[in-house]
Q: 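Have a look at the structure that comes next, please.
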Amino acid sequence: MDTLTALKQRFSANHFSDQPVTDDTLTALIDAARQAPSSFNQQHTRFLAVQDLAARQTLRAIAYNQAKVEAAPLVLIVLGDLHAHAHFSEVTDADVQAGIYDQNLANYFVDAVKTGYADPARAHDEAIRSGSLAAMNLMTAATALGLVTGPMIGFDAAKLKEAFGISDRYLPVMLITVGYNGEGNWPKKTRRSVEELLVRDARPGKVNSFVR
Ligand SMILES: Cc1cc2nc3c(=O)[nH]c(=O)nc-3n(C[C@H](O)[C@H](O)[C@H](O)COP(=O)(O)O)c2cc1C
């Protein structure tokens, strides 16, 4: 399936068949997710794959009893690393090793990232941004592979961290239910038109629908 078709076909599923998600498919999904861009290539995003039924039942309770969390054979907890900036030399080391840029430039990047993301609010925003981009990659890839997904922010983050022992270094970004299409799902919902969303040829000082 080509990318545009996958983007247009993706919808949020509530119902899943009994077909399990294989480990190869899970690997392919995370491989797709990790291709997403992140600021300075900090790669904030991590995943917990919740597959066991009892674990999904616990997660369902944490997700305000949303039934799809138990119905989906796989639920991914998407986490964002709030300390990615402090561990950034691990990334530059790999890039230097691969010959992409030299150590001098690496040192410059490491300094810029350490300073730029010292403010926890910035680190928080970046973790959400990166996690969201990775999640979208994953959902698009899942559609292309014939699966259905559902992004979810309806959960109690404190209870989630407690139940799964997630350290304060990691921010729960969202859950993604993953599986194969079951009966009773709505088709994809409508979208606003392109013309409603887009201002063409925007310029400083030029009046458009979004300026004050
Ligand atoms: C960040 C985010 C959080 C969401 N959280 C939930 C949720 O907790 N429960 C739910 O049923 N749907 C959730 N959704 C799904 C949206 O309702 C859905 O994407 C939207 O209605 C558009 O429908 P579509 O995805 O089928 O096109 C969430 C979507 C996003 C992007």
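Atoms within a ligand are numbered from 1 in the order they appear, just like the ligands themselves.
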Q: Which residues pass the side-chain contact (heavy atoms from CB on, under 4.5 Å) test with Ala28, sequence neighbours left out?
A: Leu145
Q: Checking the side chain of Asn208 only, and the main-chain atoms of Val211 only, is there a donor and an acceptor separated by less than 3.5 Å?
A: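 Looks like yes, one N/O pair under 3.5 Å.
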Q: Ignoring hydrogens and angles, tell me if any N or O in the side chain of Arg56 forms a donor-acceptor pair with the backbone of Val75 under 3.5 Å.
A: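 No, the answer is negative, given that no donor and acceptor are paired below the 3.5 Å cut-off.
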Q: How would you list all residue pairs meeting ring-ring contact (aromatic ring centres under 6.0 Å, His included) that involve residues 81-107, not counting sequence neighbours?
A: Tyr101-Phe109
Q: For residues 128-137, which residue pairs pass the side-chain hydrogen bond (donor to acceptor under 3.5 Å, both in side chains) check, not counting sequence neighbours?
A: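 Every pair satisfying side-chain hydrogen bond (donor to acceptor under 3.5 Å, both in side chains) with a residue in residues 128-137: His44-Ser130, Glu126-Arg129.
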Q: How many angstroms lie between atom CG of Leu160 and atom CD1 of Ile77, to the nearest 0.5 angstrom?
A: 4.5 Å
Q: Near ligand 1, which residues have a heavy atom under 4.0 Å away from one of its atoms?
A: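 Only Arg10, Phe11, Ser12, Gln66, Lys68, Pro151, Met152, Ile153, Gly154, Lys188, Lys189, Arg191 have heavy atoms that fall under 4.0 Å of ligand 1, ordered by chain and number.
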